[in-house]
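Report on the structure given below.
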Amino acid sequence: MIEKGERIAIYPGSFDPLTNGHVDIIERGLKIFDKVIIAVLYNPSKKALFSVEERIDMIQKSFLTHSNQDSIMIDSFDGLLVDYARMKNAAAIIRGMRAISDFENEFQMALMNRRLNRDVQTIFLMTGLRWIFISSSIIKEVARFGGDISGMAPHPVKCKMKEKFPLLMGK
Ligand code: PNS
């Protein structure tokens with residue numbers, strides 16, 4: 001539950017699926033904000049491996065025993081991110097930045113969002129070095145061909161991936 005006066009940030013994304021890089025950004029965000037809303041985009045034009053419901057379920061399971069569980073909210077949205085941020089009274093949008101390659105697209109989105117709503121700030125958090133090479137796409141590719149993704153995504157994600165890719169190694 002959100003209390004009056006709390007600093008809220010939205011962490012939006014596709015999360016198809018959640019990775020340990022995402023978890024790292026969420027944990028960093030929780031050091032700055034009272035509440036972080038993980039917001040999964042409904043995007044019918046982007047082909048996803050998991051349905052939004054499956055993605056939300058994996059995220060919920062991944063944070064079930066998290067020490068900061070009460071500060072994390074999980075939701076989905078469609079339409080413009082800034083409209084969703086306004087509806088949630090969020091002060092900021094959090095985005096993770098891995099490398100220079102992320103910069104151009106992120107910069108464009110941040111400027112567009114600022115143009116659309118000057119009341120919500122985009123905050124970039126650096127991904128920890130050990131997650132710098134990890135993305136949802138690369139994890140899916142490795143899993144599809146049976147590679148081991150342990151330590152790259154939370155356990156509930158790995159379990160769900162095994163349903164899609166029976167070749168996937170390990171428990
Ligand atoms: O995990 P992703 O796919 O990089 O996340 C992209 C996301 C969801 C943040 C972005 O596509 C988004 O905000 N979509 C909502 C539509 C919108 O507001 N577009 C205008 C801003 S560019």
Next on the checklist: If you count every heavy atom of other residues, nucleotides or ligands that lies below 6.0 Å from I100 atom CD1, does the total exceed 12?
Outcome noted: no

Next on the checklist: My understanding is that only residues two or more places apart in sequence, or in another chain, count here; which of them pass side-chain contact (heavy atoms from CB on, under 4.5 Å) with N113?
Outcome noted: L81, V82, I93, L116

Item to check | Approximate separation, where rounding is to 0.5 Å, of N89 CG and D119 CG | outcome: 10.5 Å

Checklist entry - Once you round to the nearest 0.5 Å, how far does CD1 of I123 lie from CE of M97? => result 12.5 Å

Next on the checklist: Quick check against the 3.5 Å criterion: does K35 have a side-chain atom that pairs as donor or acceptor with the backbone of M1?
Outcome noted: yes

Checklist entry - Are R114 and Q121 close enough, and set up right, to give a side-chain contact (heavy atoms from CB on, under 4.5 Å), and what steps lead you there? => result CA-CA 7 Å; R114 183 163 171 74; Q121 309 301 322; 3.7 Å; yes

Item to check | Test item: N117 side-chain N/O and D83 main-chain N/O as donor-acceptor pair under 3.5 Å | outcome: no

Next on the checklist: Strictly by side-chain hydrogen bond (donor to acceptor under 3.5 Å, both in side chains), give each pair with a member in residues 60-77 just once, sequence neighbours left out.
Outcome noted: E27-H66, D57-K61, N68-S71, D75-Y84

Next on the checklist: Which heavy atom of P17 sits nearest to which heavy atom of F50, and what is that distance?
Outcome noted: CB-CE1, 3.9 Å

Next on the checklist: Hydrophobic clusters here meaning ILVMFWY residues chained together by side-chain heavy-atom distances under 4.5 Å, can you tell me if F63 and I32 are in one?
Outcome noted: yes

Checklist entry - V157 and V23: same hydrophobic cluster, using ILVMFWY side-chain contacts below 4.5 Å? => result yes

Checklist entry - Distance from I38 atom CD1 to I74 atom CD1, nearest 0.5 Å? => result 5.0 Å

Checklist entry - Atom CD1 in I134, atom CG in D24: separation rounded to 0.5 Å? => result 10.0 Å

Next on the checklist: Looking at D16 and K47, is there a salt bridge between them, counting it only when a charged N and a carboxylate O are closer than 4.0 Å?
Outcome noted: no

Checklist entry - Are the side chain of R144 and the backbone of K164 linked by a donor-acceptor contact shorter than 3.5 Å? => result no

Checklist entry - Looking only at heavy atoms, which two atoms of G5 and D34 are closest? And how far apart? => result O-OD2, 4.3 Å

Checklist entry - Around E53, counting heavy atoms of other residues, nucleotides and ligands shown, do more than 12 lie under 6.0 Å from its CD? => result yes

Item to check | Considering all heavy atoms, the nearest G29-V36 contact | outcome: C-CG2, 3.9 Å

Checklist entry - What's the verdict on side-chain contact (heavy atoms from CB on, under 4.5 Å) for M73 and I2, showing C-alpha distance, side-chain angles and the deciding distance? => result CA-CA 9 Å; M73 309 184 94; I2 291 173; 3.6 Å; yes

Checklist entry - Near M112 CE, under 6.0 Å, is it more than 12 heavy atoms from other residues, nucleotides or ligands? => result no

Next on the checklist: Nearest 0.5 angstrom please: K160 NZ to R55 CZ, how far?
Outcome noted: 12.5 Å

Checklist entry - When the ring planes of F15 and Y11 are compared, do they come out parallel, tilted or perpendicular, using 30° and 60° as the limits? => result perpendicular

Item to check | Single-linkage hydrophobic cluster L41~M109, side-chain heavy atoms < 4.5 angstrom | outcome: no

Checklist outcome for this item: Output for pair (M161 CE, M58 CE), nearest 0.5 Å, gives 8.0 Å

